[in-house]
Protein chains: 2
Amino acid sequence: MTPNKEDFIKAIFELGGKEKVVTNKDLVRMLSISAASVTDMNTRLLKEELITHLPYQGVMLTEKGLLIANQLIRKHRIWEVFLAEKLGYDWNEVHADADLLEHVSSDLLIERLNIFLEEPTFDPHGGVIPNQDGTVPEIHSTPLIECRVGDRFKIQEVDDQEDFLEYLLYKKVHLGKEYTLAEIEPYDGPLTLETPAGEKTVIGHKAAFKIFVDIIE
Amino acid sequence: MTPNKEDFIKAIFELGGKEKVVTNKDLVRMLSISAASVTDMNTRLLKEELITHLPYQGVMLTEKGLLIANQLIRKHRIWEVFLAEKLGYDWNEVHADADLLEHVSSDLLIERLNIFLEEPTFDPHGGVIPNQDGTVPEIHSTPLIECRVGDRFKIQEVDDQEDFLEYLLYKKVHLGKEYTLAEIEPYDGPLTLETPAGEKTVIGHKAAFKIFVDIIE
DNA sequence: AATATTTTTTAGGGTAGACTAAAAATAATT
DNA sequence: AATTATTTTTAGTCTACCCTAAAAAATATT
């Protein structure tokens, strides 16, 4: 297994390759490589039985491929916790370094790091850390966009794109923070959140798809 | 700069490429690659002006190459401190993981890690950590083999080969420990060390070249 | 000094991972 | 249904890094 193959498998996973067929086009966009390179890598991963391939349709992870994806995400997220908690990174800074570190981390290193960090369940943006065996703890959370006016909730998880995290940092939205959904503007308009202290925050319609909350009672 | 090039430069440095010409043969042994591959890499590093090359004699680091070597060693040793102090690695275990981590560590990551570790001066086997600018703090230490009977000293640094460190672990020799040189057997025989408490430890002649001490008063 | 050995270099090749350009297949539009 | 546009695949290249086998240069030995 090489870093490039690992990144490719992770990209398939992140595009939904656990349950549905992922197109070459999506992989081209996600990895910023040419279409020919995607076909190339597909044939290599196919040979190792990490993916299944439907010609001109796309690829899906096999059980074997899924296991590798989950173990990579475990490594990635444990490093993110380390960078944020111990080295003082902001949550929008952790991604790039974790992406490099995950490929050179032995299982032993990760388990020792995990113990050092006191076995965290979530990474800095609320992503669940998969278990050693590749299983993923079940966490119930709701996309903010599905909430109704009056719902009270805590921020559970947010999308981990650097610019989005920066935006939330600016909006002072952070994990665990409690809000009530005060208002939803019609025609895909913005959502107004209100803290228990009465402070109001306005969130765009599209952003509400990228925020996941835990509704209280 | 790629991991392989970095390893090659580090190997040249470790074979003395700062002050003398290093032969291809030595690099073949150190890196376990073919002689042809060494010539190959030499020409590539030559093109980047990281080494100078005397045909059929060997290579030496340029200022540029030396800077890279020292920065790599800085990264390597800071990771070693982390693995030993925070993750509980024994001193003979740190080398392999540090060797991988050093190639994927941004300068920012290393500086933040350095601060987290409270800016250590030495790695777990006593190696000095080069400064950010590539300069190396001067530390005075004497090879144990050059000591005279009666000398009192502290263990300052030891060679960082895994099996040697394991041997020292077994002999209970560790950094900072104080001994008096009690006896040297003639004809390249073993050396006897004695702790202030009167415990004696016998060290082979060859091992005495790989242990560096700080003589007291 | 001539021969034998060792070391380095050259020549030619292999694999992983990327590319461009063109061909083939699928999907969208008129 | 025919044409156009998009997506995927194939074909051919390129670079980094490694290899083996053979040639060339340097070193050792007789």
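Proteins come first, then strands; the chains are lettered A, B, ... in the order of their sequence lines, and each starts at number 1.
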- Task: Indicate whether the side chain of Asp123(A) and that of His76(A) have a donor and an acceptor atom separated by less than 3.5 Å.
- Result: no
- Task: Compute whether any side-chain donor of one residue and acceptor of the other, for Thr2(A) and Asn4(A), lie under 3.5 angstrom apart.
- Result: no
- His205(B) and Phe209(B) aromatic ring geometry - parallel, tilted or perpendicular at 30°/60° bounds: perpendicular
- Task: Measure the acute angle between the ring planes of Phe82(A) and Phe116(B), then classify it against the limits of 30° and 60° as parallel, tilted or perpendicular.
- Result: perpendicular
- Message: Does Lys5(B), at its NZ atom, have more than 12 non-hydrogen atoms belonging to other residues, nucleotides or ligands within less than 6.0 Å?
- Response: yes
- dA18(C) OP1/OP2 closer than 4.0 Å to side-chain N/O of Asn4(A): yes
- Query: Hey, is the main chain of Gly134(B) close enough, under 3.5 Å, to the side chain of Arg74(B) for a donor-acceptor pair?
  - Reply: no
- Given DNA chain C, 5'-ward residue of the pair Lys5(A) and Gln57(A), judged by closest heavy atom: Lys5(A)
- Task: Working to the nearest 0.5 Å, report the span between NZ of Lys10(B) and CG of Leu72(B).
- Result: 6.5 Å
- Between atom CD of Gln71(B) and atom CD1 of Ile110(B), what is the distance when rounded to the nearest 0.5 Å? 11.0 Å
- Using a heavy-atom distance cut-off of less than 4.0 Å, which residues of residues 17-46 of chain A contact DNA chain D? Thr23(A), Asn24(A), Lys25(A), Ala35(A), Ala36(A), Thr39(A)
- Query: Of all of residues 98-106 of chain A, which get a heavy atom below 4.0 angstrom from DNA chain D, listed by number?
  - Reply: none
- Note on the structure: Bounded by its outermost nucleotides with an atom under 4.0 Å from a heavy atom of chain B, the footprint on DNA chain D reads dA16(D) to dA26(D)
- Message: What is the separation between atom CE on Met1(A) and atom C1' on dA16(C), rounded to the nearest whole Å?
- Response: 13 Å
- Query: Do Glu6(A) and Lys75(A) sit within salt-bridge range, that is, some charged N less than 4.0 Å from a carboxylate O?
  - Reply: no
- Is the shortest distance from a Lys or Arg side-chain nitrogen in Asp151(B) or Arg148(B) to a carboxylate oxygen in the other one below 4.0 Å? no
